[in-house]
Amino acid sequence: MRAHQGVLRTGAALLTAGLLAGCGLLSTEPEPSDRADGRPGDTSASPSPGLKETPKTPPLPAALTSQRPDWKRCGAPSGGSAPGSDWRCTSVKVPLDYAKPSGETIAVALIRKQARDKDRRLGSMLFNFGGPGGSGVEILPRAASSYGKLNSRYDLVGFDPRGVAASSGVNCRTDEEQEQALRSVDLTPDTAAEEAAFIKDGADFGAGCQRRSGKVLPHVGTSNAARDLDLIREILGDDKLSYFGFSYGTELGGTYAHLFPQNVGRTVLDAVVDPTADGIGHARNQATGFQRALENYLKDRGENPKAGSERIARMLARIDRKPLPTASGRELTESLAVTGIVTPLYSQSGWPALTAALDEAENKGTGDGLLQLADSYNGRDEDGRYDTQAHSQRAISCADSKARPTVDEARALLPEFRKLSPVFGPFLAWDTAGWCAQWPVDGEHETPETSAPGAGPILVIGTTGDPATPYEGAQRMADELGKGVGIMLTNKGEGHGAYGESDCVTAAVDGYFLDGKVPDDGTTCG
């Protein structure tokens, strides 16, 4: 779930929010023995011809396709520790503008842990953990224990997509400006003055992106990130791309398959974004998905889901009128409270934290628990510093989508969205107007193109209780990829992402990646 402030994120990155540290800096001591073992690439990194909605790009020069990564020990990020001696970091050059492939370049940051079984190595496996805006360089080392079996035969490779973190990351406002916006801007405005402040803040955010990151802002969309993926594949020496994408990473994976069907290797998409939905459609899907997760949570507590939802909605209305105090001296606003409620709904393991935070807010009249949950989601540390995922997320989303709904259009959605979810609906309806308000860059498409005729089988995993990317979107992705390409696997369960949560799903994915065993289309786990 996302917000125009970047308050709510879509992505498996949230599941590893506590893991966001890792390798951000390179040391000056190279490790020649750890250079990539791939051969020079001889395939074109330009997209396949004739694919609709995506313009052809010129072939890439040899100066880019023949790069050899200079892997070095990963340095420690500020306030953190290095990811360990098994990890190496590097960066590769990619075109700033693929329409001008011999022009200016930017760097894309990579991190790698080599396969343990060198004799049976299958190649590189690239990961995207979602967002958009999640840093694979930071997340992968902290999450790597989940992929230990895959690491036996694959090099695990994380990357920061263009516009993210170490890869010419988008930066739009200071920590102080972000704090002020979260404190003062009502994301569900009730008056004309609040509406004006809401839209102005959206416009100010975009203007800040333009001032601080104007060079890369027009080029951070998903189709360019997919082109980067193919260039990285070639640089690493792989004939086919092996790819594991979560949440937004599934949209990136589908876009890659559309652009480069001939280069699709073993690919898994988990917690799948609906490729048929536009901006309002995504908001509608998320209102449905988070309400479904909330009701499942309430049922688990033995509470009537309708009555419980209405009770929480009334609590939010009270907080809107009078924010709750916290021990830190900061106040819990309605917007922060919604974020705090959303955060633990991403995984059933978070439900006890939600119970404790709601109990505190409703019965003690303080907001410490919900504020702590909101801060973890917003990327705020104890010193008041914010990460920049919200900046990158918004820049990528607005570069992708042409949609620019108005305040009147958002207001007209309120009755429908309140019916979908009395807790999350108003927030998501207003978000459609604030997210890309007066954005300085035009969007590329109404919905992403993910048809991939001729591609190899792509395993598409949908979880029935997924709050952020509802189950129905996975089936639509499988259908869009095409017959024989999209292989649907249903996980009956809760949470955003099934790999590592369901033994059945994990076994199916491992069998596909390691042994090439494609599950039957329509297989159900749980």
Side-chain angles (χ1 to χ4, degrees), residues 26 28 30-51 54-72 88-112 114-115 121-128 136-137 154-164 166-168 215-216 218-243 252-253 255-265 267 452 454-456:
L26 301 181
T28 57
E31 298 286 340
S33 62
D34 287 336
R35 295 178 189 274
D37 58 358
R39 65 196 180 288
D42 58 1
T43 59
S44 171
S46 60
S48 297
L51 297 174
T54 310
K56 293 171 62 176
T57 58
L60 297 180
L64 294 179
T65 59
S66 62
Q67 293 178 79
R68 287 293 159 262
D70 188 11
W71 297 98
K72 301 178 181 179
R88 295 293 184 271
C89 290
T90 193
S91 64
V92 297
K93 293 179 180 179
V94 301
L96 172 65
D97 183 351
Y98 272 90
K100 303 174 182 177
S102 297
E104 186 174 357
T105 62
I106 57 175
V108 169
L110 304 175
I111 189 168
R112 182 184 71 174
Q114 290 185 297
R121 178 182 177 274
L122 292 170
S124 304
M125 179 182 294
L126 273 76
F127 289 78
N128 183 282
V137 171
Y154 285 96
D155 297 345
L156 305 184
V157 180
F159 68 105
D160 288 355
R162 55 173 56 216
V164 175
S167 298
S168 299
K215 182 179 76 171
V216 300
H219 306 290
V220 296
T222 299
S223 61
N224 282 331
R227 294 182 179 102
D228 292 343
L229 267 181
D230 201 60
L231 179 54
I232 292 168
R233 172 199 63 78
E234 188 167 3
I235 290 169
L236 294 178
D238 293 307
D239 291 332
K240 303 281 187 179
L241 176 72
S242 298
Y243 177 78
L252 176 58
T255 300
Y256 179 87
H258 173 69
L259 288 173
F260 305 99
Q262 73 280 7
N263 295 339
V264 171
T267 296

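This one's a predicted model, so the numbers in the text were calculated from it and none came from an experiment. Sequence positions, counted from 1, serve as the residue numbers for this chain.
A donor-acceptor pair under 3.5 Å is absent between the side-chain atoms of R233 and the main chain of S124, judged by distance alone. The backbone N or O of G253 lies less than 3.5 Å from no partner atom in the side chain of T255, so there is not a single donor-acceptor pair. R88 places no side-chain N or O within donor-acceptor distance of the main-chain N or O of R112, the cut-off being under 3.5 Å.
Between D70 and T90, the shortest heavy-atom contact is O-OG1, 3.2 Å. In terms of heavy atoms, P69 sits closest to L236 at CG-CD2, 4.3 Å. Taking every heavy atom of both residues into account, A226 and L252 meet most closely at N-CD1, 3.6 Å. Of all heavy-atom pairs between F127 and F159, the closest is O-CE2, 3.2 Å. Annotation for T57 and R227: closest pair CG2-NE, 3.5 Å, computed over non-hydrogen atoms. Considering every non-hydrogen atom in both N224 and H219, the closest pair reads ND2-O, 3.2 Å.
Put simply, the residue from L229, V264, N263 that forms a side chain to side chain contact (heavy atoms under 4.5 Å, CB included) with L241 is L229. When I106, V94, V108 are each tested for a side chain to side chain contact (heavy atoms under 4.5 Å, CB included) with S167, only one passes: V108.
Shown here are the side-chain contact (heavy atoms from CB on, under 4.5 Å) partners of K240, two or more places apart in sequence or in another chain: there are none. Not counting sequence neighbours, the partners of D160 by the side-chain hydrogen bond (donor to acceptor under 3.5 Å, both in side chains) test are S135.
The CG atom of L96 sits 8.5 Å away from the OG1 atom of T105 when rounded to the nearest 0.5 Å. Considering SG of C89 and CG of L110, their distance stands at 8.5 Å, rounded to 0.5 Å. Once rounded to the nearest 0.5 Å, the distance linking CG of D230 with CG of D238 reads 10.5 Å. Taken to the nearest 0.5 Å, the OH atom of Y256 stands 13.5 Å off from the NE2 atom of H258. Rounded to the nearest 0.5 Å, atoms OH (Y243) and CE (M125) are 12.0 Å apart.
Using a 4.5 Å heavy-atom threshold, the side chains of E104 and D97 count as separate. The shortest side-chain heavy-atom distance between Y98 and L231 falls under the 4.5 Å cut-off. When side chains are defined from C-beta on, P161 does not count as touching D228, because their heavy atoms never get closer than 4.5 Å.
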